[in-house]
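If you read the sequence from its start, that first residue is 1, and numbering goes on from there.
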Amino acid sequence: MTYRRGRALVRPHVVTGGRARPTRNIFDLVTLVMAARSDVSGLSPEKRRVLELCRGGALSVAEVAGHLSLPISVTKVLLSDLVDSGHIVTRVGGMDDGETSTRLLQEVLDGLRARL
């Protein structure tokens, strides 16, 4: 098994159960996710962690991925599963004027790079 920074490269594949795509295409980097249910029985450790994170308030997909130290694509699969099971709800993020702020996206990207 190949390792990088002490973690197995196969881990994302295992976390998603081998799936590469979410069941729903509703997520972008600034989509906000919030916990809707507190029951965590039967959930994987990563999904439990998502619920723990979202209990404190809405987080963007990028923030969740950063906290989990997982790629965005893997995080979207996990979030999609949690939406399907009713554990989280989503809200489209964005600025008051309806336009995506380049500055905000750059700050999110900088934050993610700093964690990697």
Could you state whether Val33 and Ile26 fall into the same hydrophobic cluster, counting links through intermediate Ile, Leu, Val, Met, Phe, Trp or Tyr residues with side-chain heavy atoms under 4.5 angstrom apart? yes

Quick one: do Leu43 and Leu53 end up in the same hydrophobic cluster if we chain Ile, Leu, Val, Met, Phe, Trp and Tyr together by side-chain heavy atoms under 4.5 Å apart? yes

If every non-hydrogen atom of Thr90 is compared with every non-hydrogen atom of Met34, which pair is closest and at what distance? C-CE, 4.0 Å

May I have all residue pairs that pass salt bridge (charged side-chain N to carboxylate O under 4.0 Å, His left out) and include part of residues 73-82, sequence neighbours excluded? Arg19-Asp81, Lys47-Asp81

Answer yes or no: is there a side-chain heavy-atom contact under 4.5 Å between Val61 and Asp28? no

What heavy-atom pair brings Ser41 and Arg48 nearest, and what distance separates the two atoms? CA-NH2, 4.2 Å

Same cluster (ILVMFWY, side-chain, under 4.5 Å), Val40 and Val89: no

I'd like to know if the side chain of Arg91 reaches the main chain of Leu32, judged simply by a donor and an acceptor atom lying under 3.5 Å from each other, with no hydrogens or angles considered. no

Which residues pass the salt bridge (charged side-chain N to carboxylate O under 4.0 Å, His left out) test with Asp39, sequence neighbours left out? Arg37

Start with the C-alpha distance between Ile72 and Leu29, add both sets of side-chain angles, then the distance that settles side chain to side chain contact (heavy atoms under 4.5 Å, CB included), and finish with yes or no. CA-CA 8 Å; Ile72 293 288; Leu29 291 177; 3.4 Å; yes

With sequence neighbours excluded, give me every salt bridge (charged side-chain N to carboxylate O under 4.0 Å, His left out) pair touching residues 50-68. Arg49-Glu52

Closest non-hydrogen contact found for Cys54 with Val64 is SG-CG2, 4.5 Å

So which atom in Gly86 and which in Ala36 form the shortest heavy-atom distance, rounded to 0.1 Å? O-CB, 3.6 Å

May I ask you to test the Val74-Val77 pair for a side-chain heavy-atom distance under 4.5 Å? no

Between CG on residue Asp84 and CG on residue Leu79, distance to nearest 0.5 Å: 11.0 Å

